[in-house]
Amino acid sequence: MAAPRTEGAEEMLSGSEPGAAPYGNFPNYSRFHPPEGRVRLLPPALLGRLFPAGPSPLLGLDVGCNSGELSVALYRHLLGLQENEASPDQPVVGKILNLLCCDIDAALIERAERCSPFPGSISYATLDVMDAGARELFLSAYLSRFSRSTFDIGFCMSVTMWIHLNHGDDGLVEFLTYLSSRCNYLLIEPQPWKCYRAAARRLRKLGRNDFDHFRSLAINGDMAERITQILTEDGAMELVCCFGSTSWDRSLLLFKSNRLTQKQL
Ligand code: SAH
């Protein structure tokens, strides 16, 4: 008999915990969607492989970090640090990573900051990434501290559905286009379409009528495929690989900017 399938966080929360979280800003997200299930799909030495002679420090951007559990797990995993290792002094892959994590929810960011084991290397900020003015000001200022104009790697994990539901097709395309302009590599974990239905149903129950345009989203169906199309169709990025799917059917897609090929960074 097939093992019972683990549902995605959004689906589980829709049944048991209908808190008002219109942006996916659940206060205990990582309990339902544990970081380990996702980071273990990534090669531990990935940063060393992607940036054999890359810049130092490497700059990472985690969009929609919630309370930072996945950000910390990614940081550890990609640098090859053990679970209990509190100091990034001797990363196995010999890389230094500065990770900037942002979320729209100030309370989640406050918690992430309070609990961060790597305050020197991981910073957190409250930011609505769909506010073009605020985002440009903030991210440019961060990058310019390192005399850079792009992040080496961006993480967009379980965020695309919330952007899509809140900002429609145009918002999703604009968001992905912006990330592709600012990130040399981009790791995306798109939510599958079935999660949209559950989230829209839950939010409708909360009286959020603005989700009604869910029904008219023209970008729908196989979301991994659709997101790949958006990022690659104008030649901005190419799909490097798909790191398989978690037990609830989510793929981790790694894209590479074609600027890189041209500049050979
Ligand atoms: N990346 C984490 C959390 C995913 S939950 C993980 O995979 O474990 C989705 C997160 O995206 C929420 O914390 C939510 O607050 C954030 N989010 C949604 N819309 C956002 C926006 N416009 N700007 C910044 N963060 C946003």
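When a ligand or atom number is given, it counts from 1 through the structure's own listing order. Keep in mind that this is a model prediction, so the values were computed, not measured. Every heavy atom of this structure was used, including side-chain atoms; hydrogens, water molecules and symmetry mates were not.
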A.B. asks: Which ligand 1 atoms, with their elements, are less than 4.0 angstrom from a heavy-atom of N66?
C.D. replies: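 Result: 3 (C), 12 (C), 13 (O).
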A.B. asks: Would you mind telling me if ligand 1 is within reach of the side chain of L70, the backbone, both or neither, using heavy atoms under 4.0 Å?
C.D. replies: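 Looking at L70 and ligand 1, just side chain atoms fall under 4.0 Å.
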A.B. asks: Output, in order, the C-alpha distance, side-chain angles, deciding distance and verdict of side-chain contact (heavy atoms from CB on, under 4.5 Å) for T232 and F255.
C.D. replies: CA-CA 9 Å; T232 57; F255 296 89; 4.2 Å; yes
A.B. asks: Under 6.0 Å between ring centres, would you say that holds for H164 and Y196?
C.D. replies: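 Here the rings of Y196 and H164 have centres that are less than 6.0 Å from each other.
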A.B. asks: Which atoms of ligand 1 are found less than 4.0 Å from any heavy atom of D128?
C.D. replies: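 So the atoms of ligand 1 that pass are 21 (C), 22 (N), 23 (N).
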A.B. asks: So which bit of R38 gets within less than 4.0 Å of ligand 1, heavy atoms only: side chain, backbone, both or neither?
C.D. replies: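 Just the side chain.
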A.B. asks: Give the C-alpha distance, both sets of side-chain angles, the deciding distance and a yes or no for side-chain contact (heavy atoms from CB on, under 4.5 Å) between S123 and N98.
C.D. replies: CA-CA 8 Å; S123 29; N98 282 9; over 6 Å; no
A.B. asks: Can you name the atoms of ligand 1, numbered from 1 with element, that are less than 4.0 Å from a heavy atom of V129?
C.D. replies: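 Once the distances to V129 are compared, the set is 21 (C), 22 (N), 23 (N), 24 (C).
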A.B. asks: Look only at interatomic distance and state if I104 has a nitrogen or oxygen under 3.5 Å from any nitrogen or oxygen of ligand 1.
C.D. replies: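 In this structure, I104 places an N or O atom under 3.5 Å from an N or O of ligand 1.
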A.B. asks: Keeping to residues at least two apart or across chains, list the salt bridge (Lys or Arg N to Asp or Glu O under 4.0 Å) pairs with something in residues 124-137.
C.D. replies: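 Every pair satisfying salt bridge (Lys or Arg N to Asp or Glu O under 4.0 Å) with a residue in residues 124-137: R135-E174, E136-R182.
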A.B. asks: Nearest 0.5 Å, what's the CG-OG1 distance between L165 and T160?
C.D. replies: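 If I round to the nearest 0.5 Å, the distance is 9.5 Å.
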A.B. asks: What class does the angle between the rings of W162 and F26 fall in, given that below 30° is parallel, 30 to 60° is tilted and above 60° is perpendicular?
C.D. replies: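 Aromatic pair W162/F26 classed perpendicular.
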A.B. asks: Just which atoms of ligand 1 are under 4.0 Å from any heavy atom in L127?
C.D. replies: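 So the atoms of ligand 1 that pass are 23 (N), 24 (C).
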A.B. asks: Geometry only, no angles: is D103 polar-contacting ligand 1 at N/O separations under 3.5 Å?
C.D. replies: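 It does: an N or O of D103 is found under 3.5 Å from an N or O of ligand 1.
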A.B. asks: Is it the case that ligand 1 has an N or O less than 3.5 angstrom from some N or O of C65?
C.D. replies: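 Looking only at distances, the answer is no, because the N/O contact criterion of under 3.5 Å is not met.
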A.B. asks: When the ring planes of F151 and Y142 are compared, do they come out parallel, tilted or perpendicular, using 30° and 60° as the limits?
C.D. replies: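 Judged by the thresholds at 30° and 60°, the geometry between F151 and Y142 is parallel.
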A.B. asks: Side-chain contact test, heavy atoms from C-beta onward, threshold under 4.5 Å: evaluate it for P27 versus R111 and give yes or no.
C.D. replies: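 Result yes, sub-4.5 Å side-chain heavy-atom pair found.
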A.B. asks: Counting from 1, what ligand 1 atoms have a heavy atom of M157 closer than 4.0 Å?
C.D. replies: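 Those qualifying, in numeric order: 1 (N), 2 (C), 4 (C), 6 (C), 7 (O).
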A.B. asks: Is the shortest N/O to N/O distance between D105 and ligand 1 below 3.5 Å?
C.D. replies: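 Not met; the criterion fails.
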A.B. asks: Any side-chain heavy atom of L81 within less than 4.5 Å of one from F118?
C.D. replies: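 In contact.
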A.B. asks: Just jot down the side-chain hydrogen bond (donor to acceptor under 3.5 Å, both in side chains) partners of R114, sequence neighbours excluded, or say none.
C.D. replies: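 Partners of R114 by the side-chain hydrogen bond (donor to acceptor under 3.5 Å, both in side chains) criterion, ordered by chain and then number, come out as E110.
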A.B. asks: Please state which part of Y29 comes within less than 4.0 Å of ligand 1, counting heavy atoms only: side chain, backbone, both or neither.
C.D. replies: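 The answer is the side chain of Y29.
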A.B. asks: Would you check the N or O atoms of L108, main chain and side chain alike, for any that come under 3.5 Å of an N or O of ligand 1?
C.D. replies: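 No - when backbone and side-chain N and O of L108 are compared with those of ligand 1, no distance drops under 3.5 Å.
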A.B. asks: Does M130 come within less than 4.0 Å of ligand 1, judged by its heavy atoms?
C.D. replies: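 The answer is yes: ligand 1 sits under 4.0 Å from a heavy atom of M130.
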A.B. asks: Below 4.0 Å, non-hydrogen atoms only: which portion of I163 touches ligand 1? Side chain, backbone, both or neither.
C.D. replies: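 For I163, only side-chain atoms sit under 4.0 Å from ligand 1.
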